[in-house]
Amino acid sequence: MGSFLAFAQICQKAAGIGSSLEKVEILAGYLRDLQEADLGIAATFLIGEAIPGQELGVGPSILYDALARAMGCTPGQVADLMRSTGDVGLVAAAAAEKKRPLSLAAFAGSDGLELAEVQGRFMAIARASGRGSQEARVKNLHYLFSEASPLEAQFIARLAMEDMRIGVGEGLARDAIARAFDLDPEEVERGYNLTSNLELVAKRAREGRLAELGVAINRPVKMMLAQIGENIPAALAQGAVAVEWKYDGARVQIHKDGPAIRVFSRRLEDVTASLPEIVQVVRERVWAREAILDGEVVATGGDGRPMPFQDILRRFRRKYDVDRMARSVPLKLNLFDILYLDGEDLLNRTLQERRRLLTKAADQGILADQVVCADQAAVQKIYDEALAAGHEGLMLKNPSSPYAPGKRGKNWLKIKPVMESLDLVVTGARWGEGKRASQLGSFRLGCRDVQTGELLDVGWVATGLSEDLLAELTGILRDLIVKESGMEVEVAPQVVFEVGYEEIQRSPSYSSGYALRFPRLIAVRDDKSPEEADSLERISEIFRIQRGRAGS
DNA sequence: TTTGTCTGCCCC
DNA sequence: ATTCTGC
DNA sequence: GCAGAATGGGCAGACAAA
């Protein structure tokens, strides 16, 4: 019981199974027989959480360092192995194969790693701070690799990266817990979406006490998310919708317990300390004694237009100079939903009803404008206004829908404009990982500088490519490589990509001075030469007029 | 002290 | 965030 | 339709190296 080897074997088995149902069955059988403490650890390990709620501070650099030590080679050689396998797990397994035992005891055959022991090491890694902490992380990882069999090492490495790559995410883990203890998957999902704590859910499921997990102040609820909508007419097909601006800001969930106020981010991080003016405005303008509120914060500049998203980023996670930054990038709150009010769970009320309660619970001035409307022309008008104001587009919501925590359903649709695409030159590429191992997985883009004839960087693209196209491009670009360093290659400028995006941003890191927000490949332009690619001038012109700034 | 690198269930 | 893929 | 995987720009903070 509780052996890490057994866990690793289950992971290996799960990775090799395509069918979700079969995967769930195998995981359920494994979880069912674990004791309480091990159940909690195994459940979170399965979804790649080494320690629930804590940051490990381990990335590729520290992990490769530890692997190099375990193998008795250089970090560079580890990187070479990474390039050929695209998988830290396989590199770690090779390391365990080659290792010399760290101690005689290890050699004499210790009884193998326990789940709790592995998590204990990860705790030590997470706790390390201050001078020498990176070395401490490397040492703890090295220790684990030295004690591990190849199979165990594979999943220790993946845990260290918090990425298991076994085709098990939150969804399947939840289903496995339900199956293990013969419960309704919907009930397990509900418990998880209300607590975000898989360990707790697994234990309560085992005890048959899932129903005790409910909405509570200071326990953040997973946020309801939106799907991309086709267009306004399609969204109106079912009747009237609640229309709101889609703000270019950051999502917040606010918990108010009398005077005590906490703010959580999209990933349910506590960001209260970084956003003092939001706390203040909630204290002054939310009348409800107890509430959980959902909304978006935006930064507004002197011209009344939203400031670049980059400025909002400067506020989140900030620990120092918070008040000074609050003055230079002031945030405005736009509440659009309420999940809990004075002891009552509102999740199953309709959006319309929740909006009514929200209107009574807070000052109108901190609410997002909303109208319920079935008229296409009227919705179009609000859409045009949102874009002219510098925001992203519209949210169209089903007025009779409940608040579905953690769901990305069709009850909330986002409508955004399609920007005209750019034709850019591929100037380099990077070797991929996992599914894209030993293929080029992302591509460096350049635009023309008409004056000098040079190609200037505008960033990278790595999505929008099918597996076939990826293989084809790897074949073509491999022959164009002029320089190679680490995971990156430089290629002769020959291939042109048509690239889509949401917005052009000023960039502090690329030589053109611009970068694309959410770049994706639309097509390979076989018909275009690099000399016909778009110029820096065109990019800066689009930057100047985008999002309704043309007339201002 | 300054500069560079790494990390983040980061924010989008 | 976006996009593709297998179920 | 869903869940999972692989990837984007850019920010602050924490360390390590210079």
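The sequence lines fix the lettering, A, B, ..., with proteins before strands; numbering per chain opens at 1.
Dashed line: the shortest gap from a side-chain N or O of A:Tyr320 to OP1 or OP2 of D:dA14 is under 4.0 Å. The phosphate of D:dA6 (OP1 or OP2) has no side-chain N or O of A:Ser442 nearer than 4.0 angstrom. One finds no side-chain N or O of A:Gln439 lying less than 4.0 angstrom from the OP1 or OP2 phosphate oxygen of D:dA6. A:Arg267 has a side-chain polar atom (N or O) that falls below the 4.0 Å cut-off from OP1 or OP2 of B:dC10. Between A:Arg165 and D:dA6 there is a side-chain N or O to OP1 or OP2 distance below 4.0 Å. Side-chain N/O atoms of A:Tyr510 include one lying less than 4.0 angstrom from OP1 or OP2 on D:dG9. For the pair A:Arg318 and D:dA12, the criterion of a side-chain N or O lying under 4.0 Å from OP1 or OP2 is met. Look at A:Gln310 and you'll find a side-chain N or O under 4.0 angstrom from OP1 or OP2 of D:dC11. Using a 4.0 Å cut-off, no side-chain N or O of A:Arg436 falls inside it from OP1 or OP2 of D:dA6. For A:Lys416 and B:dC12, the shortest distance from a side-chain N or O to OP1 or OP2 is not below 4.0 Å. For A:Arg506 and D:dG10, the shortest distance from a side-chain N or O to OP1 or OP2 is not below 4.0 Å. For the OP1/OP2 pair of D:dG9 and a distance below 4.0 Å, the side-chain nitrogens and oxygens of A:Ser507 include no atom meeting the criterion.
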A:Lys407 and A:Glu189: salt bridge (charged side-chain N to carboxylate O under 4.0 Å, His left out), yes or no, with the steps?
-> CA-CA 10 Å; A:Lys407 287 270 176 53; A:Glu189 181 173 0; 3.6 Å; yes
How far apart are the C-alpha atoms of A:Ser485 and A:Glu488, what are their side-chain angles, what is the distance that settles it, and do they pass the side-chain hydrogen bond (donor to acceptor under 3.5 Å, both in side chains) test?
-> CA-CA 5 Å; A:Ser485 58; A:Glu488 273 183 42; 5.8 Å; no
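No salt bridge links A:Arg174 with A:Glu186; every basic N to acidic carboxylate O contact stays at or beyond 4.0 Å. Contact check on A:Arg317 versus A:Glu269 returns a salt bridge, with a Lys/Arg side-chain nitrogen under 4.0 Å from an Asp/Glu carboxylate oxygen.
Distance, A:Arg137 CZ to B:dT7 P: 9 Å, rounded to whole Å.
A cation-pi arrangement is not found for A:Arg525 relative to A:Phe497, the charged atom failing to lie both closer than 6.0 Å to the ring centre and inside a 45° cone about the ring normal. Judged by the 6.0 Å and 45° rule, A:Lys246 forms no cation-pi pair with A:Tyr383. Relative to the six-membered ring of A:Tyr143, A:Arg121 meets both conditions, a distance below 6.0 Å and an angle of at most 45° to the axis.
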Atom pairs under 3.5 Å: protein N/O with N/O of nucleotides 5-7 of chain C:
residue : atom : partner  : partner atom : Å
C:dT5   : OP1  : A:Glu467 : N            : 3.1

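Residue A:Thr463 places a side-chain atom within donor-acceptor reach of the base of C:dT2, judged by atom type and a 3.5 Å distance cut-off alone.
The six-membered or imidazole ring of A:Tyr514 lies near that of A:Phe543, with a centre-to-centre distance under 6.0 Å.
A:Glu392 places none of its side-chain heavy atoms less than 4.5 Å from the side chain of A:Tyr247.
Each of A:Leu521 and A:Lys246 lies near DNA chain C, and the nucleotide nearest A:Lys246 is the one positioned closer to the 5' end.
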Dot-bracket for DNA chain B, 5' to 3', counting Watson-Crick or G-U wobble pairs under 3.5 Å, with [ ] for crossing pairs and | for inter-strand pairs?
-> ||||||||.|||
